[in-house]
Amino acid sequence: MKRDIFHGHLFLLIVVLMSLSSSILDGIIPVFWADLIHQALFLGIPVYIYMIRKKKPAGQTLRLNPLNVSDVVILILTSLVMQPAVYLLASIAQIIFGNQLDYLFSDLTAQPFWYLLLSIAIAPAVFEELVMRGVILDAYRGQNLYTVIVMNGFLFGIFHMNINQFIYTFFIGVLLALSVYYTNSIFAGMIIHFMNNLLSIIALKYPLSWYAKVEMWLYGIETPLDLVRFVVFGIVSFILAFRLVNLLGRKNRKRYLHDAASVSFERVMDWPLAVLCALFLVLSTVLTMTLGGA
């Protein structure tokens, strides 16, 4: 009996537990390099060990296939178009659960741009994609497309271990999973992931830049008309982002037909997934109680 999904969930649980226990390295590694070393140790190395243990070809499992130029253009456009939807979902989460994310970004503006580029844009785009659109997406290979993308988005949200980020990372995870599935290339997910984080860095680090000013105009809410504009842009952004990704599907139909041809019906619910959900709920509750009013 195939147990690919079970092994994928177990792998993700181990990665999350390792990440949560990363404080044991405090005082051992330089604080400045902590984020980069954390991602390499607790995301990159587990992927490497998983690949050795499963004895699967890395190119096929991780979808290390090249993209053509037109795909790259569509992916970059998608990362730009999806921003209002991401902001809308993040705002909804903040209204419901309070602001739990300021502590994550409070000291980032003091860091040099090159460090933010490495630790927030490049490293997560590589290591998180290897985990989520590499190992986890491969674990769902052969399932129907709806199950594949919904579960990948759900697990990507769970992976962040807080309810504030869950709502918009669920949306981003679905887009990334679809992009990788349609192009049969993990580099599709890496491009959108990198661009999404890069835009956040620019807005955070350079508040007087033209991009930050555009963001302020799009997302600043001072009047009811501003709120209407914000919501409308978010909804339109949501629709257009999926339209662009579906365009990738129409362009690359021959690249993903092999996935659709191998149908599998492995059960999705298992004990590693249950533990992941329980951890997520506990940590989200703690964050809501301690930081929700911050």
Side-chain angles (χ1 to χ4, degrees), residues 2-31 33-65 104 118-143 148 151-162 165-166 169-170 172-173 176-177 180-181 185-194 197 266 268-280 282-283:
K2 282 187 65 177
R3 303 192 75 192
D4 288 344
I5 292 178
F6 172 84
H7 291 144
H9 291 168
L10 182 60
F11 168 79
L12 188 60
L13 175 60
I14 292 170
V15 167
V16 168
L17 290 174
M18 288 174 61
S19 297
L20 291 174
S21 63
S22 63
S23 59
I24 61 175
L25 295 179
D26 291 350
I28 299 176
I29 59 177
V31 174
W33 297 105
D35 287 339
L36 288 171
I37 294 173
H38 171 276
Q39 292 177 75
L41 284 178
F42 300 113
L43 300 181
I45 291 179
V47 170
Y48 179 73
I49 294 173
Y50 178 89
M51 296 302 301
I52 292 175
R53 293 280 298 173
K54 294 293 284 185
K55 298 179 180 178
K56 287 185 169 184
Q60 178 185 349
T61 302
L62 301 178
R63 304 176 199 251
L64 302 176
N65 302 308
L104 292 174
L118 277 175
S119 62
I120 296 179
I122 295 175
V126 173
F127 293 119
E128 289 184 15
E129 288 307 299
L130 288 174
V131 170
M132 296 305 310
R133 261 62 63 178
V135 171
I136 302 303
L137 193 64
D138 181 69
Y140 277 80
R141 198 183 293 265
Q143 303 294 314
V148 171
M151 286 305 300
N152 199 268
F154 176 77
L155 291 170
F156 190 50
I158 290 286
F159 173 75
H160 288 81
M161 284 289 141
N162 71 78
Q165 287 182 285
F166 174 83
T169 52
F170 186 111
I172 294 173
L176 292 172
V180 173
Y181 183 91
S185 174
I186 197 170
F187 300 115
M190 290 181 179
I191 288 173
I192 295 180
H193 201 146
F194 168 78
N197 291 7
E266 184 183 348
V268 169
M269 190 62 201
D270 48 42
W271 71 260
L273 179 58
V275 174
L276 277 167
C277 292
L279 270 175
F280 170 77
V282 169
L283 291 176

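We use all heavy atoms of the structure for the numbers below, so side chains are in, but hydrogens, waters and symmetry mates are not. Note that this is a predicted model, so its numbers are computed, not measured.
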Could you check if a side-chain atom of Leu118 sits within less than 4.5 angstrom of a side-chain atom of Asp35, using non-hydrogen atoms only?
no
CZ (Phe42) and CD1 (Ile37) are apart, to the nearest 0.5 Å, by 10.0 Å
Within the side chain of Glu266, is there an N or O that forms a donor-acceptor pair under 3.5 Å with the backbone of Phe6?
yes
Is the closest basic N to carboxylate O distance between Asp270 and Arg3 below 4.0 Å?
no
Might you point out which heavy atoms bring Ser19 and Leu43 nearest each other, and give the distance in Å?
OG-CD2, 4.4 Å
Indicate yes or no for a side-chain donor-acceptor contact from Asn197 to the backbone of Ile120 under 3.5 Å, with no hydrogens or angles considered.
yes
Evaluate the criterion side-chain contact (heavy atoms from CB on, under 4.5 Å) for residue pair Leu20 and Leu283; output intermediate values, then yes/no.
CA-CA 10 Å; Leu20 291 174; Leu283 291 176; 3.9 Å; yes
Find the distance between CZ (Phe187) and CG (Asn65) and round it off to the nearest 0.5 Å.
8.0 Å
Testing Lys54, Arg133, Arg63, Lys56 for salt bridge (charged side-chain N to carboxylate O under 4.0 Å, His left out) with Asp138, which one passes?
Lys56
Looking only at heavy atoms, what is the nearest atom pair of Phe194 and Ile122, with distance?
CE1-CG1, 3.8 Å
Heavy-atom side-chain contact between Thr169 and Glu128 under 4.5 Å
no
Pair Phe280, Val16 - check side-chain contact (heavy atoms from CB on, under 4.5 Å), show working.
CA-CA 10 Å; Phe280 170 77; Val16 168; over 6 Å; no
Decide side-chain contact (heavy atoms from CB on, under 4.5 Å) for Phe166 and Ile158; before the verdict, give the C-alpha distance in whole Å, the side-chain angles of both, and the deciding distance to 0.1 Å.
CA-CA 6 Å; Phe166 174 83; Ile158 290 286; 4.2 Å; yes
Quick one: does Glu129's side chain have a donor or acceptor within less than 3.5 Å of a partner on Ile186's backbone?
no
Taking side chain as C-beta onward, heavy atoms only, is His9 less than 4.5 Å from Leu155?
yes
Which distance, rounded to the nearest 0.5 Å, do you find between the CZ of Arg53 and the NE2 of His7?
9.5 Å
Minimum heavy-atom distance between Ser119 and Ala123, given as atom pair plus value
O-CB, 4.2 Å
Minimum heavy-atom distance between Gly44 and Phe127, given as atom pair plus value:
CA-CD2, 3.6 Å
Validation row: Phe154, Leu273 side chains within 4.5 angstrom (heavy atoms):
yes
Mind checking the CD-CD1 spacing from Gln143 to Ile5? Nearest 0.5 Å is all I need.
4.0 Å
Atom pair CG (Leu176) and CE (Met132), whose distance is rounded to the nearest 0.5 Å
9.5 Å
List the atom of Ile136, the atom of Asn152, and the distance in Å for their closest heavy-atom pair.
CG2-ND2, 3.9 Å
Criterion side-chain contact (heavy atoms from CB on, under 4.5 Å) on Met161 and Leu276, from CA distance to verdict:
CA-CA 9 Å; Met161 284 289 141; Leu276 277 167; 4.3 Å; yes
Is the side chain of Ser21 donor-acceptor paired with the backbone N or O of Met18 at a distance under 3.5 Å, no angle test?
yes
Roughly how far, to the nearest 0.5 Å, is the CG atom of Leu130 from the OH atom of Tyr48?
13.5 Å
For a quick test of reading the model, state the closest non-hydrogen atom pair linking Leu13 to Trp271 and the distance between them.
CD2-CZ3, 4.0 Å
